[in-house]
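Remarks on the structure that follows.
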Amino acid sequence: MSRLDSFIRRLEAQRTVLNWAAAAIQGRDGLVLELGLGNGRTYDHLRELLPNRDIHVFERHPQANPQSTPPAHLLVVGDMAETLPAFANRHGAAAALIHVDVTTGAPERDAIAFSWLPAHTAALALPGAIVLSGWPLAHDQLEPMALPQGVPAERYFAYRRAG
Ligand SMILES: C[S@@+](CC[C@H](N)C(=O)[O-])C[C@H]1O[C@@H](n2cnc3c(N)ncnc32)[C@H](O)[C@@H]1O
């Protein structure tokens, strides 16, 4: 498969999974956390799906399309290795949905480069919260969930926070 085909399939899977998770948290309290603003595409999609939620976005170098830049009070600027624990100290486990969209571009490198991320993510998730990621998150409090129909296994990863 060409890299273009692979990229398109990843984005399709991402959209399907975000739509599914947003529907699944309807009626449940909790923040939404977007880990990695990038161009702001998935933030913009979440904002459209969940217009009444506070979506806190974490990003080291915010350079998104201005139309997809979160308001300053919902943008947490800095290295997530530091900003996620600081946010957890302020808010505790307060998220109903967390979307992890940071990557080095190679899944086998991500688990090493972001070895701290699964624990920081689990600490922010309410019991029963949904955590989505483009690469596997290994943590004993994050229980793998079946992906929605149409998303091939291992193209995206979904977890439910135990509790
Ligand atoms: C794949 S992009 C996010 C794409 C975005 N969700 C979108 O749909 O446009 C990953 C982002 O994570 C950010 N990032 C990577 N490591 C980070 C870290 N340790 N702390 C904060 N931001 C980080 C990068 O700067 C980059 O903007």
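As the structure lists them, so they are numbered: ligands from 1, and atoms in each ligand from 1. Values in this document were obtained by computation on a predicted structure and should not be read as measured data.
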Shared ILVMFWY cluster between L46 and L147, side chains joined below 4.5 angstrom?
yes
Go through ligand 1 atom by atom and flag the ones less than 4.0 Å from a non-hydrogen atom of L37.
5 (C), 6 (N), 7 (C), 9 (O)
Test your reading of the structure: does Q14 have an N or O sitting under 3.5 Å from an N or O of ligand 1?
no
Classify the contact between F114 and ligand 1 as side chain, backbone, both or neither, using a heavy-atom distance cut-off of under 4.0 Å.
side chain
Is there any N or O on N39 that sits under 3.5 Å from an N or O of ligand 1?
yes
If every non-hydrogen atom of A93 is compared with every non-hydrogen atom of L126, which pair is closest and at what distance?
O-CD2, 3.1 Å
For atom 14 (N) of ligand 1, which protein heavy atom lies nearest, and how many Å away is it?
V102 CG1, 3.8 Å
Atom 25 (O) of ligand 1 has as its nearest protein heavy atom E59 OE2, 2.5 Å
Is any side-chain heavy atom of H45 less than 4.5 Å from a side-chain heavy atom of N19?
yes
Using a 3.5 Å cut-off on N or O atoms only, is G40 in polar contact with ligand 1?
yes
Compute the shortest N/O to N/O distance between D79 and ligand 1 and return yes if it is under 3.5 Å, no if not.
yes
Does ligand 1 come near enough to R60 that some N or O of the ligand is less than 3.5 Å from an N or O of the residue?
yes
Would one find an N or O of M80, backbone or side chain, under 3.5 Å from an N or O of ligand 1?
yes
Flag side-chain contact, heavy atom, 4.5 Å: W20 against V151
no
Closest non-hydrogen atom pair between L37 and S68, with its separation:
CD1-O, 3.7 Å
Just by distance, do the side chain of Y156 and the backbone of V17 share a donor-acceptor pair under 3.5 Å?
no
How are the rings of H120 and W116 set relative to one another: parallel (under 30°), tilted (30 to 60°) or perpendicular (over 60°)?
tilted
Ligand 1 to G36 polar contact by distance, N or O atoms, under 3.5 Å:
yes
To check you understand the geometry: which heavy-atom pair defines the closest contact between A96 and I25, and what is its length?
O-CG2, 3.6 Å
Side-chain touch R9/R155, heavy atoms, less than 4.5 angstrom
yes
With heavy atoms and a 4.0 Å threshold, my read on which part of Q63 contacts ligand 1 is neither
Counting only heavy atoms, tell me which of T42, V77, T83, L46 gets closest to atom 8 (O) of ligand 1.
T42
The atoms of ligand 1 lying under 4.0 Å from a heavy atom of G78, numbered in the order shown, are 20 (N), 21 (C)
Using 30° and 60° as the class boundaries, would you call the ring planes of W135 and F114 parallel, tilted or perpendicular?
parallel
Would you check whether R41 has a nitrogen or oxygen atom less than 3.5 angstrom from a nitrogen or oxygen atom of ligand 1?
yes
Please list, in number order, the atoms of ligand 1 under 4.0 Å from a heavy atom of D101.
1 (C), 2 (S), 3 (C), 4 (C), 5 (C), 6 (N), 8 (O), 10 (C)
Yes or no on side-chain contact (heavy atoms from CB on, under 4.5 Å) for L18 and L97, after CA distance, side-chain angles and deciding distance?
CA-CA 10 Å; L18 291 177; L97 172 60; 5.7 Å; no
Which ligand 1 atoms are under 4.0 Å away from a heavy-atom of E34?
6 (N)
